Protein chains: 2
Amino acid sequence: MTKLMPYHCPIDAAMHVIEGKWKVLILWELREEARRFGALRRSLPGVSEKVLTQQLRELELDGIVHRRVHETVPPKVEYSLTEDGRSLNDALAPLGAWGARRVLPPDAPAGTAADTAA
Amino acid sequence: MTKLMPYHCPIDAAMHVIEGKWKVLILWELREEARRFGALRRSLPGVSEKVLTQQLRELELDGIVHRRVHETVPPKVEYSLTEDGRSLNDALAPLGAWGARRVLPPDAPAGTAADTAA
DNA sequence: CGGTATCCTAAGGGATACTG
DNA sequence: CAGTATCCCTTAGGATACCG
């Protein structure tokens, strides 16, 4: 990601932007509103400060997220999606739907809610 | 991929299936017709036999590709997409479109080709 | 609060050689 | 032809400590 490459297939170009363990999760977290660094960190259990910063920087370089620094004491930094970030998120939606179908099996078409209880 | 996990967001479930340097390229190569191992290998410059086998096995385990062995001499093995593979490919399409837009900039709407010269 | 700076490991993946 | 079997190396990412 953030690296110039000759892409064999167009999807690969997009793949390089979202490669990184936390990238799509970040995209997902920012889908609706801007979030502060700390809030983001808390909503991504297991991520270290170093790695979160790293992935945010890469997303920023790729023009996916916007970093807004409020020059206050204590510091306050807000991350939000750019226009490109929002369109990327939209492009990711069908993939999410596909994934959802695998996780929770298709289950019954209509009215047969018996097996969704588990 | 092929590993059971609690997914925080549905896209992650799909991401785990296509993680691997060559997976989406394989998907892309198989999008229209079945291919033999050797043909697949030749169309993915740089991939080693070991890794190609590995990624194909994982895709097979995930129910994305089908492996058909023709018991002949010399051996002949054909890989093709399963129903799930095809739907995954479809779900990937918007991402491909998004990627394409970044690689070849949208270019001028109409007649304003001046700044695309660089 | 929101970061850098270091150090370290786990694993994905490349190269090569061998096999049914 | 279509794989295994090894060996090795790079790198993403985790842990921890310190800084403006």
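Predicted, not measured: the structure shown is a model, and the values here were computed from it.
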Undergrad: Which residues in residues 63-72 of chain B have a heavy atom closer than 4.0 Å to any atom of DNA chain C?
TA: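 Contacts with DNA chain C under 4.0 Å: none.
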Undergrad: Could you give the angle between the helix axes at the two ends of the helix from C/dC1-D/dG20 to C/dG20-D/dC1, with five pairs per end, rounded to 10 degrees?
TA: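 Roughly 50°, once rounded to the nearest ten degrees.
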Undergrad: Identify each atom pair where a protein N or O and an N or O of nucleotides 15-20 of chain C are less than 3.5 Å apart, giving names and distance.
TA:
none

Undergrad: Quick one: A/Gln54 CD to D/dA12 C1', roughly how many Å, whole number?
TA: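 One finds 8 Å between C1' of D/dA12 and CD of A/Gln54, rounded.
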Undergrad: Check the pair A/Phe37 / A/Thr53 against side-chain contact (heavy atoms from CB on, under 4.5 Å), numbers first and verdict last.
TA: CA-CA 9 Å; A/Phe37 184 86; A/Thr53 305; 3.6 Å; yes
Undergrad: Could you check how far CZ of A/Phe37 sits from C1' of C/dG2, rounded to whole Å?
TA: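 After rounding, the reported distance stands at 6 Å.
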Undergrad: Rounded to the Å, how far apart are A/Lys21 NZ and C/dA11 P?
TA: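 Between P of C/dA11 and NZ of A/Lys21: 11 Å.
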Undergrad: Do A/Ile64 and A/Ile18 come close enough that some side-chain heavy atom pair is under 4.5 Å?
TA: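 SC-SC contact between A/Ile64 and A/Ile18 ruled out.
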Undergrad: With a 4.0 Å cutoff (strictly under), does any side-chain N or O of B/Arg36 reach OP1 or OP2 of D/dC1?
TA: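 For D/dC1, OP1/OP2 do not have a side-chain N/O of B/Arg36 under 4.0 Å.
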Undergrad: What's the closest nucleotide to the B/Thr53 side chain, out of D/dG13, D/dT4, C/dG14?
TA: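 Side chain of B/Thr53 sits closest to D/dT4.
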Undergrad: Who passes side-chain hydrogen bond (donor to acceptor under 3.5 Å, both in side chains) against B/Asn89, sequence neighbours left out?
TA: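 So B/Asn89 forms no side-chain hydrogen bond (donor to acceptor under 3.5 Å, both in side chains) with any residue.
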Undergrad: Just to verify, what does B/Arg67 make a salt bridge (Lys or Arg N to Asp or Glu O under 4.0 Å) with, not counting sequence neighbours?
TA: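 Checked B/Arg67 against salt bridge (Lys or Arg N to Asp or Glu O under 4.0 Å); zero matches.
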Undergrad: Quick check: do B/Thr82 and B/Val65 have side-chain heavy atoms less than 4.5 Å from each other?
TA: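 Counting from C-beta outward, B/Thr82 and B/Val65 never come under 4.5 Å.
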Undergrad: Rounded to whole Å, please give me the gap between CD1 in B/Ile18 and C1' in C/dG12.
TA: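 That distance rounds to 16 Å.
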Undergrad: Can you list everything that forms a salt bridge (Lys or Arg N to Asp or Glu O under 4.0 Å) with A/Arg86? Sequence neighbours excluded, please.
TA: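 If we apply the salt bridge (Lys or Arg N to Asp or Glu O under 4.0 Å) test to A/Arg86, skipping adjacent residues, the hits are A/Glu83.
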Undergrad: Would you say B/Tyr79 places a side-chain N or O within less than 4.0 Å of OP1 or OP2 belonging to D/dG3?
TA: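 So the side-chain polar atoms of B/Tyr79 do come within 4.0 Å of the phosphate oxygens OP1 or OP2 of D/dG3, strictly under.
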Undergrad: Test of understanding: with salt bridge (Lys or Arg N to Asp or Glu O under 4.0 Å), list the residues that count as partners of B/Glu60, not counting sequence neighbours.
TA: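 Salt bridge (Lys or Arg N to Asp or Glu O under 4.0 Å) list for B/Glu60, sorted by chain: empty.
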Undergrad: Figure out the CZ/C1' separation between B/Arg35 and D/dC1, and round it to whole Å.
TA: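 Rounded to whole Å, this separation is 16 Å.
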Undergrad: Holding to side-chain contact (heavy atoms from CB on, under 4.5 Å), I want the full list of residues that pass it with A/Lys76, two or more places apart in sequence or in another chain.
TA: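 By the side-chain contact (heavy atoms from CB on, under 4.5 Å) rule, A/Lys76 matches A/Arg36, A/His70, A/Thr72, A/Glu78.
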Undergrad: Identify each donor-acceptor pair in which a side-chain atom of residues 41-52 of chain B lies under 3.5 Å from a protein atom, sequence neighbours left out, and give them as a table.
TA:
{"unit_1": "B/Arg41", "atom_1": "NH1", "unit_2": "B/Val47", "atom_2": "O", "d": "2.6"}
{"unit_1": "B/Ser43", "atom_1": "OG", "unit_2": "B/Ala39", "atom_2": "O", "d": "3.2"}
{"unit_1": "B/Ser43", "atom_1": "OG", "unit_2": "B/Leu40", "atom_2": "O", "d": "2.8"}
{"unit_1": "B/Ser48", "atom_1": "OG", "unit_2": "B/Val51", "atom_2": "N", "d": "3.2"}

Undergrad: Think A/Gln55 has a side-chain N or O under 4.0 angstrom from the OP1 or OP2 of D/dG13?
TA: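 Yes, such a contact exists.
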Undergrad: Rounded to whole Å, please give me the gap between CG in A/Leu44 and P in C/dG2.
TA: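 In whole Å, C/dG2 P lies 14 Å from A/Leu44 CG.
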Undergrad: Give the nucleotide from the list D/dA2, C/dG3, C/dG14 with an atom nearest to the side chain of B/Val77.
TA: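 Nearest to the side-chain atoms of B/Val77, counting from C-beta on, is D/dA2.
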Undergrad: Could you report the tightest heavy-atom contact between B/Leu25 and A/Cys9, atom names first, then the distance?
TA: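 Looking at all heavy atoms of both residues, the shortest contact is CD1-SG, 3.8 Å.
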Undergrad: Compare the minimum distances between each of D/dC1, D/dT4, D/dG14 and the side chain of B/Arg57, then state the nucleotide with the smallest one.
TA: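 The nucleotide sitting nearest to the side chain is D/dT4.
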Undergrad: Given atom CG of A/Leu52 and atom P of D/dA12, what is their separation to the nearest angstrom?
TA: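 Computing the A/Leu52:CG to D/dA12:P distance gives 17 Å.
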Undergrad: From CD of A/Glu58 over to C1' of D/dA12, roughly how many Å is that when rounded to an integer?
TA: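 These atoms are roughly 10 Å apart.
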Undergrad: Are any non-hydrogen side-chain atoms of A/Trp98 and B/Val17 less than 4.5 angstrom apart?
TA: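 A/Trp98 reaches B/Val17 side chain to side chain.
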Undergrad: Is a donor on one side and an acceptor on the other found under 3.5 Å between the side chain of B/Arg102 and the backbone of A/Asp62?
TA: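 Checking the backbone N and O of A/Asp62 against the side chain of B/Arg102, a donor-acceptor pair under 3.5 Å is found.
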